[in-house]
Amino acid sequence: MTVLVAGASRGIGFEFARQYRADGRRVVATARDEEGLRKLQALGCETLPLDVTDAASVAGLGWRTDGEQFEVAIVNAGVYGPRTDGLQPPSQDDFDLVMRTNVLGPMRVLAALQESLPRGARVIVLSSAMGSIGQRAGASGWLYRASKAAANSVLKDASMVLGSRGVSCIAVHPGWVQTDMGGAGATLPPERSVADLRRLIANLTPEDNGRFYSHDGSTIPW
Ligand SMILES: NC(=O)c1ccc[n+]([C@@H]2O[C@H](COP(=O)([O-])OP(=O)(O)OC[C@H]3O[C@@H](n4cnc5c(N)ncnc54)[C@H](OP(=O)(O)O)[C@@H]3O)[C@@H](O)[C@H]2O)c1
């Protein structure tokens, strides 16, 4: 089985690469810089450079993975942006960075990978419960929330196109995870979140296509 992890230099993406390698899987993992690529090579991953905000870089992912067949493709790269509590409008630069990374990024990566996803493949987009409109209980980080709600729409459309070819596409919430983004006060170590997510991925069936799951297997409303 070959696993692709897009955005694997640290945090949840790195942990996916580490655990799948420890499980003996072939892992193709991406990072933006040399340091990230070297860390992944030390795990035994095959590595590719990728910046999801750069169209040429994603085009490079497409041609470098031409002929690959990924059983699992994880679109993990993400940024949080400004840590707001109220209705502070984001700067144009913050808006562009968060939306280009969290929304345009998955659109480009999913398009680039579509010929490398065989029947039975699983596509995982790292979303967040913060992107759910149906269970919203606060407005902190509203730019991040908007970006993950939009990423959910992207995942849903991918599930429409790829589901008809026997590929299962899901959005996942990894929990509140102790990473640079989640912070030290988060409730879950990355090891636990990723172990849960790998179990969820392993048990996916075609009926799961187009759903939004928490790491514990519960369904999250869009
Ligand atoms: N941690 C949480 O509690 C939590 C909760 C819900 C959802 N999530 C989601 O889970 C995913 C991973 O989060 P994390 O906590 O592991 O975050 P993190 O520790 O901040 O790591 C983010 C990862 O995304 C990569 N990345 C950022 N911008 C990129 C770009 N333009 N191109 C390629 N890679 C890029 C980073 O690479 P560099 O090292 O090059 O910056 C890094 O590998 C994100 O999508 C996040 O929104 C996290």
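Both ligands and their constituent atoms are indexed starting at 1 by order of listing. Count residues from 1 along the sequence.
Summary of contacts: the protein heavy atom closest to atom 32 (N) of ligand 1 is V52 N, 2.9 Å. Scanning the protein heavy atoms around atom 20 (O) of ligand 1, the nearest turns out to be R10 NH1, 3.3 Å. Atom 31 (N) of ligand 1 has its closest protein heavy atom at D51 OD1, 2.9 Å. When only non-hydrogen protein atoms are considered, atom 44 (C) of ligand 1 lies nearest to N76 O, 3.3 Å. What sits closest to atom 26 (N) of ligand 1 on the protein, heavy atoms only, is A77 CB, 3.8 Å. Scanning the protein heavy atoms around atom 13 (O) of ligand 1, the nearest turns out to be I12 CD1, 3.9 Å. Of all protein heavy atoms, the one closest to atom 17 (O) of ligand 1 is M181 CB, 3.5 Å. Considering only non-hydrogen protein atoms, atom 1 (N) of ligand 1 sits nearest to T179 OG1, 3.1 Å.
Here the CG-CG distance, from L188 to D196, works out to 7.0 Å after rounding to the nearest 0.5 Å. The distance from the OG atom of S140 to the CE atom of M130 is 4.0 Å, given to the nearest 0.5 Å. Of the inter-residue distances, the one linking W222 atom CH2 with S127 atom OG reads 7.5 Å to the nearest 0.5 angstrom.
Under the side chain to side chain contact (heavy atoms under 4.5 Å, CB included) rule, C45 has a single partner from L37, V5, V27, which is V27. Here the rule is side chain to side chain contact (heavy atoms under 4.5 Å, CB included) with R32, and of L50, V52, D54, D51 only D51 fits it.
Within the listing of ligand 1, atoms 32 (N), 33 (C) sit less than 4.0 angstrom from a heavy atom of L50. Within ligand 1, the atoms closer than 4.0 Å to a non-hydrogen atom of S127 are 6 (C), 7 (C), 8 (N), 9 (C), numbered from 1 in the order shown. Which parts of ligand 1 touch D180 is read off a 4.0 Å heavy-atom cut-off, strictly below it: atoms 19 (O). The ligand atoms of ligand 1 that sit less than 4.0 angstrom from a heavy atom of S128 are 6 (C), 7 (C). Taking every non-hydrogen atom of G7 and a distance limit under 4.0 Å, the qualifying atoms of ligand 1 come out as 43 (O). Near P174, the atoms of ligand 1 lying under 4.0 angstrom from a non-hydrogen atom of the residue are 4 (C), 5 (C), 6 (C), 7 (C), 8 (N), 48 (C).
The N/O atoms of W176, backbone and side chain alike, include none that comes under 3.5 Å of an N/O atom in ligand 1.
By the criterion of a heavy-atom distance under 4.0 Å, the side chain of T101, and not its backbone, is placed next to ligand 1.
Considering each of Y80, Y144, F14, the one bringing a non-hydrogen atom nearest atom 47 (O) of ligand 1 is Y144. Closest heavy-atom approach to atom 5 (C) of ligand 1 among the candidates A186, G182, G175: G175. Scanning G11, S9, A17 for the heavy atom closest to atom 43 (O) of ligand 1 points to S9.
Of the N and O atoms on the side chains of Q41 and T47, at least one donor lies less than 3.5 Å from an acceptor on the other residue. S168 and D208 share no donor-acceptor pair across their side chains, judged by distance under 3.5 Å alone. S91 and D93 share no side-chain donor-acceptor pair at under 3.5 Å. Looking at Q19 and D23, their side chains never bring a donor and an acceptor atom within 3.5 Å of each other.
For S193, the closest heavy-atom approach to ligand 1 does not fall below 4.0 Å. The shortest separation from a heavy atom of E15 to ligand 1 is not under 4.0 Å, leaving the residue out of contact.
Of the charged side-chain nitrogens involved, none lies within less than 4.0 Å of a carboxylate oxygen, so that E35 and R10 do not count as a salt-bridged pair.
In this structure, Y80 places its OH atom where more than 12 heavy-atom neighbours from other residues, nucleotides or ligands lie under 6.0 Å away.
For the pair V154 and L110, the minimum side-chain heavy-atom distance is below 4.5 Å.
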